[in-house]
Enquirer: 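Submitted below is the structure of interest, expressed as structure tokens.
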Amino acid sequence: MSQHTKIAGITVGQSPRTDMTCDLIPKLALNLELVEYGALDGLTLADIERDLAPEPGEEVLVSRMRDGQQATFSGDKVVALVQAKVDEAERDGCRAVIVLCTGSFPELRHNVPLVFPQPLLHSCARALAGGRRIAVMVPEPSQAEQARERWSASGVDIDVVSASPYKGIDGVMAAARTLRGHDDAFLCLDCMGFTVAMRDAARRESGLDVLLPRTLVASVVSELLG
């Protein structure tokens with residue numbers, strides 16, 4: 001019998017997420033095998049723009065297509081596609097499922113541990129902030145207000161900036177630079193698309209310590225199953 005334990009990584013974009021697994025896999029315990037699934041697998045960018053565009057009041061999510069293009073879509077409309085991938089991962093024998101998105105999701109049907117990054121990130125940040133304001137970087141300006149609402153509901157006051165991880169590191173560096181001199185406890189990169197290299201660059205440019213969700217989630221899952 002294989003000594004490896006299969007865990008699922010479900011991107012709300014398309015798999016494989018080679019831009020993400022390069023940082024995730026080194027942080028996972030050696031006995032864990034990551035199997036990738038994509039909620040948007042099989043769809044074109046035109047399909048997504050036609051069928052999954054966010055309506056007023058819906059959460060806006062940003063992810064990556066297989067060819068590296070950025071896709072922007074409704075968090076509400078993608079839920080059923082994520083649920084289908086959770087079901088598939090469980091049928092494939094995965095012992096845990098990670099939803100590779102820091103967005104807000106309703107309770108999904110599951111029989112194995114289902115890990116959502118947002119509550120982990122918010123809980124950790126709130127504990128580390130000790131009541132101070134933190135800086136948060138989201139991919140798109142259209143996500144700023146929903147970020148303020150989400151973090152406020154978690155009891156955290158934020159200073160929000162935006163830069164897409166899917167449009168290169170220069171934008172991340174420029175946005176981080178605007179935070180230099182701000183009285184923020186640290187910076188949270190609020191998207192699973194942000195990389196370790198972007199974290200390190202944001203730390204240099206902002207002068208702030210930085211919390212990265214993809215490595216945080218990998219560490220928690222490794223503690224549980226490693």
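We count residues from 1, following the sequence as given.
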Enquirer: As a test of understanding, state which of D183, D184, D209, D157 forms a salt bridge (charged side-chain N to carboxylate O under 4.0 Å, His left out) with R132.
Expert: D183
Enquirer: Do E140 and Q70 pair up side chain to side chain, a donor and an acceptor below 3.5 Å, judged on atom types alone?
Expert: yes
Enquirer: Determine, stepwise, if the pair L32 / H4 fulfils side chain to side chain contact (heavy atoms under 4.5 Å, CB included).
Expert: CA-CA 6 Å; L32 299 181; H4 286 90; over 6 Å; no
Enquirer: Is there a side-chain contact between R204 and D200 in this structure, where contact means two heavy atoms from C-beta onward sitting under 4.5 Å apart?
Expert: yes
Enquirer: Would you find more than 12 non-hydrogen atoms of other residues, nucleotides or ligands less than 6.0 Å from R148 atom CZ?
Expert: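 It does: R148 CZ has more than 12 such atoms within range.
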Enquirer: Does a donor on one side chain sit under 3.5 Å from an acceptor on the other, for S74 and E58?
Expert: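 Checked: S74/E58 side chains pair up, N/O donor to acceptor below 3.5 Å.
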Enquirer: Is F194 close to P165 at the side-chain level, that is, under 4.5 Å between some pair of heavy atoms?
Expert: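 A side-chain contact exists here, since the closest heavy-atom pair is under 4.5 Å.
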Enquirer: Less than 4.5 Å apart, side chain to side chain, heavy atoms only: is that true for V136 and I134?
Expert: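 Yes, close enough: below the 4.5 Å cut-off.
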Enquirer: Would you call D92 and K6 a salt bridge, taking side-chain N to carboxylate O under 4.0 Å as the test?
Expert: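 Looking at K6 together with D92, the answer is no, because their closest N to O distance does not fall below 4.0 Å.
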Enquirer: Is it true that a side-chain atom of E59 and a backbone atom of D76 form a donor plus acceptor pair closer than 3.5 Å?
Expert: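 Not confirmed, E59 side chain does not pair with D76 backbone.
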Enquirer: If you round to the nearest 0.5 Å, how far is NE2 of H110 from CD of E90?
Expert: 8.0 Å
Enquirer: Will you find, in the side chains of T11 and R17, an N or O donor that is under 3.5 Å from an N or O acceptor?
Expert: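 Their side chains do contain a donor-acceptor pair, which is all the 3.5 Å distance test asks for.
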Enquirer: Could you walk me through whether R64 and Q69 pass the side chain to side chain contact (heavy atoms under 4.5 Å, CB included) test, one step at a time?
Expert: CA-CA 6 Å; R64 182 181 185 270; Q69 291 186 86; over 6 Å; no
Enquirer: Any side-chain heavy-atom pair from L128 and F186 closer than 4.5 angstrom?
Expert: yes
Enquirer: Is there side-chain contact between I7 and V35, with heavy atoms separated by less than 4.5 Å?
Expert: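 No, their side chains stay 4.5 Å or more apart.
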Enquirer: Between the side chains of Q14 and D41, is a donor N or O closer than 3.5 angstrom to an acceptor N or O?
Expert: no
Enquirer: Give the intermediate values and the outcome of side chain to side chain contact (heavy atoms under 4.5 Å, CB included) for residues L52 and L81.
Expert: CA-CA 11 Å; L52 301 177; L81 301 177; 4.2 Å; yes
Enquirer: Could you check R177, M137, H182 and say which one makes a side-chain contact (heavy atoms from CB on, under 4.5 Å) with V161?
Expert: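 Only one of R177, M137, H182 forms a side-chain contact (heavy atoms from CB on, under 4.5 Å) with V161, namely M137.
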Enquirer: Working note: V97 + F116, criterion side chain to side chain contact (heavy atoms under 4.5 Å, CB included); need CA distance, chi angles, decisive distance, verdict.
Expert: CA-CA 9 Å; V97 176; F116 291 110; over 6 Å; no
Enquirer: Could E88 and R91 be called an ion pair, given the rule that one side-chain N must be under 4.0 Å from one carboxylate O?
Expert: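 Looking at R91 together with E88, the answer is no, because their closest N to O distance does not fall below 4.0 Å.
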Enquirer: Compare all side-chain heavy atoms of V12 with those of V82 and state whether any distance is below 4.5 angstrom.
Expert: yes
Enquirer: Heavy atoms, side chains only, cut-off 4.5 Å: are M173 and M198 in contact?
Expert: no
Enquirer: Within the 4.5 Å heavy-atom criterion, are I158 and D190 side-chain neighbours or not?
Expert: no
Enquirer: When rounded to the nearest 0.5 angstrom, what is the spacing between OG in S15 and CG in L100?
Expert: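 It comes to 10.0 Å.
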Enquirer: Establish, from distance only, whether the side-chain atoms of D19 and Y166 form a donor-acceptor pair under 3.5 Å.
Expert: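 No.
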